Each structure stands twice: as C-alpha cells, then as structure tokens.
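Taking it in order: structure first as structure tokens, then the write-up.
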Amino acid sequence: MELVVTPAVPSIQRARRLVGKTLAMRDAAPADAEFILGLRIDARKSRYLSAVSGRLPDQQAWLERYQHGSGEAYFVIESLAGHPLGTVRLYDAQGPSFCWGSWILVDGCPSGAAVESALMVYAYALDTLGFTAAHFQVQRGNESVRAFHERFGAVLNETDEHEYRFTLSLEAIRASMRRYARFLPGPLMVEGLQ
Ligand SMILES: CC(C)(COP(=O)(O)OP(=O)(O)OC[C@H]1O[C@@H](n2cnc3c(N)ncnc32)[C@H](O)[C@@H]1OP(=O)(O)O)[C@@H](O)C(=O)NCCC(=O)NCCS
C-alpha cells in the first residue's frame with residue numbers, strides 16, 4: 001500500500017523568546033504597552049503604519065487580547081541584555097505563506113539590527129513553524145523599507161494607491177539567509193514555543 005504523506009498546513013504560533021546573534025525577541029505582554037505605544041505614537045516612526053489609539057489602557061487591552069488569541073506572534077525586539085529596541089509581528093497565514101510587519105526599531109539601534117531581526121523572523125517562520133513563503137505590504141512612500149525588502153528578494157506583485165504588496169519565495173528567503181549569514185550565523189534558538 002502506498003503511503004501518502006499530506007504536508008501539515010503551518011500556523012503562526014507564539015514563542016516566549018527567540019535568541020539570535022546580538023538580538024532576542026520576546027513575546028509581547030501587557031507590560032510592554034508603554035514602550036510599544038511610545039513607538040506607535042511617534043509620528044515619524046509610525047508614519048507608514050496603521051494608526052493606533054494613543055491611550056495606554058487601549059494598548060494594554062490590545063496586548064491582553066493578543067495574549068489570549070491565536071494566529072499571530074508579536075515580539076518585542078531587544079538586546080541580549082534585555083534592552084527593548086523595537087517590535088515585529090507575524091500574522092495572516094495564508095496556506096504556506098506568512099505575513100510580517102509592525103516592524104519598528106528605535107533610533108540609534110546597533111547597525112545590523114534591521115537585517116538580523118528580519119533574518120530571525122524568516123528563520124522562525126521557516127525552520128520552526130514550517131512556512132515556505134512570505135507576503136507583506138509596504139505603504140507607498142516608505143521607499144527605504146521597500147528597498148530593504150527588495151534586497152532580500154521580495155517581488156512586487158500588486159500595487160494600489162495606498163500600498164505595495166510583495167511576495168517572497170522560499171528560494172529567495174533561503175538565498176538571503178545564506179547571503180546575510182554573518183548577521184545570524186548560528187541556528188535561531190527558540191524558547192517556549194506555544
Ligand atoms: C523598518 C525599520 C525597522 C528598518 O530599519 P532601518 O534601520 O531603517 O533599516 P535600514 O534599511 O536603514 O538598514 C539598517 C542598516 O543595515 C544595512 N542594511 C540594510 N539592508 C542590508 C542588506 N541587505 N545587507 C547589508 N546591509 C544592509 C543598511 O545599510 C543600514 O546600515 P547603516 O546602519 O550602517 O546605515 C526602520 O526603518 C523603522 O523602524 N521604520 C519605521 C517603521 C516602518 O516603517 N516599518 C515598516 C513597516 S512595513
């Protein structure tokens with residue numbers, strides 16, 4: 001009898017902590033509301049992100065709901081010593097493809113933090129969760145972030161008056177992980193997969 005193996009459809013799970021080379025990512029908690037709100041109401045940082053309420057209790061409530069929900073993973077990016085440096089979120093799984101965004105780094109981050117945090121997202125999504133492609137949107141005008149993704153091999157699929165929509169194939173992600181391996185030389189350490 002022939003054995004048919006059906007590949008499991010990957011899903012986005014949270015993890016307590018991911019550890020890279022110089023950065024860690026920690027599952028976001030209501031106690032992070034003040035830090036996150038500070039980034040999200042910074043007009044320059046959040047110019048190309050969707051608007052959030054500027055009230056701390058709303059941000060705390062959002063993080064409470066996030067902690068009890070499923071299908072997304074929201075991380076505070078921090079130094080290995082635990083100093084908060086930004087945020088990033090994986091969400092909207094569509095079959096084998098995951099979406100990521102809500103990506104912000106504070107000013108004065110160590111050079112290399114952008115590339116390392118992107119590599120950590122891809123390593124987690126591919127090697128831990130089993131995704132084989134990525135998709136995301138970049139708002140029109142956010143040209144430096146558009147260029148960043150294109151250097152990683154993102155392909156512009158659709159565009160409208162508000163945003164560019166990109167996809168990234170498995171081959172392109174793997175090629176970038178190899179090309180930029182100096183930013184994340186070892187395997188990503190995953191603690192507390194939920
Ligand atoms: C998105 C964000 C986290 C990216 O971080 P960033 O530091 O601006 O990223 P950069 O593209 O400038 O790259 C940082 C450094 O890595 C370098 N770098 C970027 N891509 C690289 C690559 N593929 N290979 C080698 N180096 C690279 C850059 O040259 C830069 O070097 P420098 O610090 O010596 O100048 C940051 O711009 C941010 O917080 N933006 C506001 C929020 C936002 O718009 N988020 C995106 C929504 S989708």
Side-chain angles (χ1 to χ4, degrees), residues 12 18 20-26 28 32 34-54 59 62 66 72-79 83-94 97-126 131 133-185 188:
I12 298 173
L18 312 179
K21 179 186 172 189
T22 70
L23 300 178
M25 292 185 186
R26 184 173 50 69
D32 297 307
E34 204 170 336
F35 170 69
I36 294 173
L37 194 59
L39 295 174
R40 298 295 302 228
I41 62 175
D42 176 326
R44 193 171 47 85
K45 286 280 166 200
S46 283
R47 179 167 171 207
Y48 298 112
L49 296 171
S50 44
V52 300
S53 148
Q59 184 61 218
W62 192 95
Y66 158 71
E72 60 183 325
Y74 193 29
F75 292 106
V76 172
I77 302 168
E78 49 183 35
S79 67
H83 184 70
L85 298 174
T87 59
V88 71
R89 186 164 68 104
L90 289 75
Y91 63 105
D92 185 34
Q94 292 185 14
S97 180
F98 78 102
C99 181
W100 68 286
S102 305
W103 185 33
I104 311 180
L105 288 172
V106 298
D107 289 336
C109 253
S111 182
V115 179
E116 184 178 342
S117 58
L119 290 171
M120 288 174 71
V121 166
Y122 288 123
Y124 182 57
L126 269 58
F131 286 95
H135 59 280
F136 41 74
Q137 308 85 37
V138 178
Q139 285 195 16
R140 274 183 175 275
N142 202 355
E143 298 306 321
S144 69
V145 172
R146 175 187 175 165
F148 182 99
H149 287 307
E150 287 180 334
R151 282 200 293 271
F152 261 72
V155 172
L156 183 62
N157 262 15
E158 279 181 300
T159 176
D160 66 19
E161 60 192 295
H162 304 294
E163 62 186 22
Y164 307 110
R165 286 188 278 275
F166 287 97
T167 53
L168 212 65
S169 68
L170 181 63
E171 295 69 29
I173 300 172
R174 288 286 181 213
S176 289
M177 290 171 80
R178 282 193 299 274
R179 188 173 338 123
Y180 302 125
R182 68 184 180 284
F183 293 95
L184 188 62
L188 182 74

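Fair warning: this is a prediction, and the values are worked out from it, not measured in the lab. When a ligand or atom number is given, it counts from 1 through the structure's own listing order. Hydrogens, waters and symmetry mates are skipped; everything else that's a heavy atom, side chains included, is used.
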Quiz prompt | The one among L119, L105, V138 that brings a heavy atom closest to atom 36 (C) of ligand 1 | solution = L105

Quiz item: What atoms of ligand 1 come closer than 4.0 angstrom to any heavy atom of Y180?
Solution: 22 (C), 23 (N), 24 (N)

Quiz item: For atom 11 (O) of ligand 1, is the nearest protein heavy atom closer than 4.0 Å?
Solution: yes

Quiz item: N/O to N/O below 3.5 Å, does that happen between W103 and ligand 1?
Solution: yes

Practice problem: Show which atoms of ligand 1 fall inside a sub-4.0 Å distance from at least one heavy-atom site of F148. | Solution: 11 (O), 19 (C), 20 (N)

Quiz item: To the nearest 0.1 Å, how far is atom 48 (S) of ligand 1 from its closest protein heavy atom, and which atom is that?
Solution: Q137 O, 4.0 Å

Quiz item: Does some non-hydrogen atom of N142 fall short of 4.0 Å from ligand 1?
Solution: yes

Quiz prompt | Separation of F136 CZ from W103 CH2 (nearest 0.5 Å) | solution = 9.0 Å

Self-check item: Part of V145 with heavy atoms under 4.0 Å of ligand 1, whether side chain, backbone, both or neither
Solution: side chain

Quiz item: Ion pair present between K21 and E116, side-chain N to carboxylate O less than 4.0 angstrom?
Solution: no

Quiz item: Are any side-chain N or O atoms of Y48 and backbone N or O atoms of G141, one a donor and one an acceptor, separated by less than 3.5 Å?
Solution: yes

Exercise. Just need the protein heavy atom nearest to atom 20 (N) of ligand 1, so name the residue and atom and give the distance.
Key: R151 NH2, 3.0 Å

Quiz item: Quick one: does atom 28 (C) of ligand 1 have a protein heavy atom under 4.0 Å from it?
Solution: no

Quiz item: Got more than 12 heavy atoms from elsewhere within 6.0 Å of CD, E34?
Solution: no

Quiz item: Which value, rounded to the nearest 0.5 Å, describes the distance between R174 atom CZ and E171 atom CD?
Solution: 10.0 Å

Quiz item: Between W62 and Y74, is a ring-ring contact (aromatic ring centres under 6.0 Å, His included) present by the stated rule, with each step listed?
Solution: CA-CA 11 Å; W62 192 95; Y74 193 29; 5.4 Å; yes

Quiz item: Can you find a protein heavy atom under 4.0 Å from atom 42 (C) of ligand 1?
Solution: yes

Quiz item: Do the ring planes of Y122 and W100 sit parallel (below 30°), tilted (30 to 60°) or perpendicular (above 60°)?
Solution: perpendicular

Self-check item: Minimal non-hydrogen separation, F166 against A154, with atom names
Solution: CD2-CB, 3.8 Å

Exercise. Provide, to 0.1 Å, the distance between atom 18 (N) of ligand 1 and the closest protein heavy atom, together with that atom's residue and name.
Key: V115 CG2, 3.7 Å

Practice problem: Within a distance under 4.0 Å of any heavy atom of S111, pick out the atoms of ligand 1 and give their elements. | Solution: 31 (O), 32 (P), 33 (O), 34 (O)

Quiz prompt | 4.0 Å protein heavy-atom contact status of atom 45 (N) of ligand 1, strictly under | solution = yes

Quiz item: Closest heavy-atom contact between V76 and P84?
Solution: CG1-CB, 4.1 Å

Quiz item: Under a 4.0 Å heavy-atom limit, does L49 contact ligand 1 with its side chain, its backbone, both, or neither?
Solution: side chain

Quiz item: Any protein heavy atom sitting closer than 4.0 Å to atom 39 (O) of ligand 1?
Solution: yes

Quiz item: Right, does atom 8 (O) of ligand 1 have protein non-hydrogen atoms nearer than 4.0 Å?
Solution: no

Quiz item: How does I104 reach ligand 1, by side chain, by backbone, by both or by neither, if only non-hydrogen atoms under 4.0 Å count?
Solution: both

Quiz item: Where is the tightest heavy-atom contact between Q137 and C99, given as atom of each residue plus distance?
Solution: NE2-SG, 4.1 Å

Exercise. Could you find the nearest protein heavy atom to atom 5 (O) of ligand 1 and give me its residue, atom name and distance?
Key: A114 CB, 3.5 Å

Self-check item: Value rounded to 0.5 Å, distance of CG in L184 from OG1 in T22
Solution: 9.0 Å

Quiz item: Minimum heavy-atom separation for S46 to I41, with atom names?
Solution: OG-N, 4.4 Å

Exercise. Heavy-atom contacts with K45 under 4.0 Å: which atoms of ligand 1 show up? List them by number with element.
Key: 39 (O), 41 (C), 42 (C)

